[in-house]
Amino acid sequence: MPFSRRTFLGATAASVAATTRVFGATKAKLRIGLLLPYSGTYAALGNNITDAMKLAAGERGGKLAGREIEWIAVDDESDPAKAPANVNKLIAGEKVDILTGPVHSGVAMAMMQIVRQEKTLTIVTNAGAQAVTGQLCAPNVFRTSFSNWQTSYPCADVMLKDGRKKVVLMFWNYSFGQESMAAFKEGFTKGGGTVIKEIAVPFPQTEFQANLSEIASLKPDAVFVFFAGAGAAKFVRDYADAGLRDKVPLYGSGFLTEGVLGAQGPAAEGIKTTLHYADSLDNAQNRKFRDAFKTATGREADVYAVAGYDTVHALAAALEKVQGDASAQKELIAALEGVRIDSPRGPFRFSKAHNPVQNVYVRQVKGGKEAVLGVALKNAEDPAFGCAMVK
Ligand code: PHB
């Protein structure tokens with residue numbers, strides 16, 4: 001049957017549109033937004049995430065699925081109050097194709113309100129707030145780092161096995177610290193332990209003296225802690241200076257020593273933590289990654305760099321499935337859900353709630369290095385409480 005003029009024109013217009021889309025997709029730069037701290041106590045974390053993202057892109061010839069990258073970074077200052085404006089700057093102002101970040105859970109909570117509404121494809125590169133892959137979970141939101149629960153709950157068992165029955169908790173008093181303590185306490189009390197005191201420190205304050213005197217007088221079996229970045233470096237040094245290091249052992253999620261072992265020096269010796277990564281993990285991917293990061297930046301890699309690195313490799317693998325067309329969001333989400341990565345941390349995939357399924361390791365600082373004592377939880381999957389995508 002001959003084409004009617006109308007069908008013919010329609011078909012032509014459609015094929016022109018398709019050509020333009022593919023052409024556009026291969027030509028236009030992929031706009032990746034980074035909402036990260038480049039100042040304040042978490043600045044080193046933001047820098048390591050950023051540099052590892054760029055390292056991973058460099059390993060792919062500077063392109064993801066054939067598209068060059070435009071990086072658009074905003075210093076979020078780890079300030080939740082400034083988060084709505086910063087997120088809008090990237091989404092509405094800069095029209096990013098993909099939003100990544102943040103480090104701080106409070107910033108992440110503010111970001112979630114906006115990206116759920118705008119449907120921006122978002123990959124959380126650190127913040128562990130439970131709601132990101134729990135109550136507020138969304139098809140367009142993935143996380144390559146961890147949930148609070150994954151980093152804190154397993155430490156309860158480690159401490160109980162070490163015979164620590166009466167403990168003090170000490171933490172920065174915002175969502176991450178609160179959730180981290182709740183997850184720890186759940187495991188610890190279930191196993192017969194008692195929390196004798198909870199010391200909440202306002203974020204990002206680092207005046208610990210009065211609290212350390214109180215710990216000395218309470219004489220607990222151990223202290224379970226959340227501080228990170230520059231604050232963690234200072235806390236561990238102050239703890240040793242107060243004469244507590246050899247009397248009351250320190251435990252925590254691994255953020256207590258990540259990226260700051262050099263700054264902590266001998267004060268960190270003996271600290272036991274749980275985390276989904278350790279510098280000394282003995283696998284080929286980790287060795288290659290650490291060498292490449294050191295060569296590129298002159299610094300040691302850490303857990304923050306791992307999340308940045310995996311974010312770009314996961315995104316690249318998924319984008320290849322849609323020929324680089326980030327606007328094909330449904331297909332891109334399905335591709336991300338299917339990604340399997342041989343990460344420096346070990347095997348990594350996304351759960352139904354889009355949180356990493358990953359091993360959690362027991363680590364201890366020995367001779368200035370993070371030694372791996374064993375696996376606390378193999379293929380740990382966050383419970384994803386309240387996530388409607390998980391049935
Ligand atoms: C968080 O706020 O979620 C957070 C910040 C720093 C860390 C870990 C978690 O090292």
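All values reported here derive from a predicted model rather than from experimental measurement. Residue numbers start at 1 and run along the sequence shown. Every number for a ligand or one of its atoms is a count from 1 in the order of the listing.
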Quiz prompt | A228 N/O to ligand 1 N/O under 3.5 Å | solution = no

Quiz item: Closest approach of P344 and D310, non-hydrogen atoms and distance?
Solution: CD-OD1, 3.6 Å

Self-check item: Check: F226 ring centre within less than 6.0 Å of F176 ring centre
Solution: yes

Self-check item: Matching residue for R363 among D279, T257, T274 - test: side-chain hydrogen bond (donor to acceptor under 3.5 Å, both in side chains)
Solution: T257

Quiz prompt | ligand 1 N/O within reach of H104 N/O, cut-off under 3.5 Å | solution = no

Quiz item: Numbering the atoms of ligand 1 from 1, which are under 4.0 Å from a heavy atom of G128?
Solution: 3 (O)

Quiz prompt | Atoms of ligand 1 close to F146 [distance to a heavy atom under 4.0 angstrom, numbered from 1] | solution = 8 (C), 9 (C)

Quiz item: What residue and heavy atom of the protein are closest to atom 3 (O) of ligand 1, and at what distance?
Solution: S105 OG, 2.6 Å

Practice problem: Please confirm whether F255 and F146 have ring centers closer than 6.0 angstrom. | Solution: yes

Quiz item: If you count the atoms of ligand 1 from 1 in the order shown, which ones are under 4.0 Å from a heavy atom of N126?
Solution: 4 (C), 5 (C), 6 (C), 7 (C), 8 (C), 9 (C)

Quiz item: Are a donor atom and an acceptor atom from the side chains of E77 and Y42 found within less than 3.5 Å of each other?
Solution: no

Self-check item: Close N or O approach (N148, ligand 1; < 3.5 Å)
Solution: no

Quiz item: Would you say the ring centroid of F171 lies under 6.0 angstrom from that of F227?
Solution: no

Quiz item: Of the protein's non-hydrogen atoms, which lies at the shortest distance from atom 1 (C) of ligand 1, and what is that distance?
Solution: V103 O, 3.2 Å

Self-check item: Salt bridge flag under 4.0 Å for residues K185 and E198
Solution: yes

Practice problem: Report the nearest protein non-hydrogen atom to atom 2 (O) of ligand 1: residue, atom name, distance rounded to 0.1 Å. | Solution: Y174 OH, 2.5 Å

Quiz item: Just which atoms of ligand 1 are under 4.0 Å from any heavy atom in A127?
Solution: 3 (O)

Quiz item: Of the protein's non-hydrogen atoms, which lies at the shortest distance from atom 10 (O) of ligand 1, and what is that distance?
Solution: Y304 OH, 2.7 Å

Quiz item: Between F348 and H276, is the ring centre distance below 6.0 Å?
Solution: no

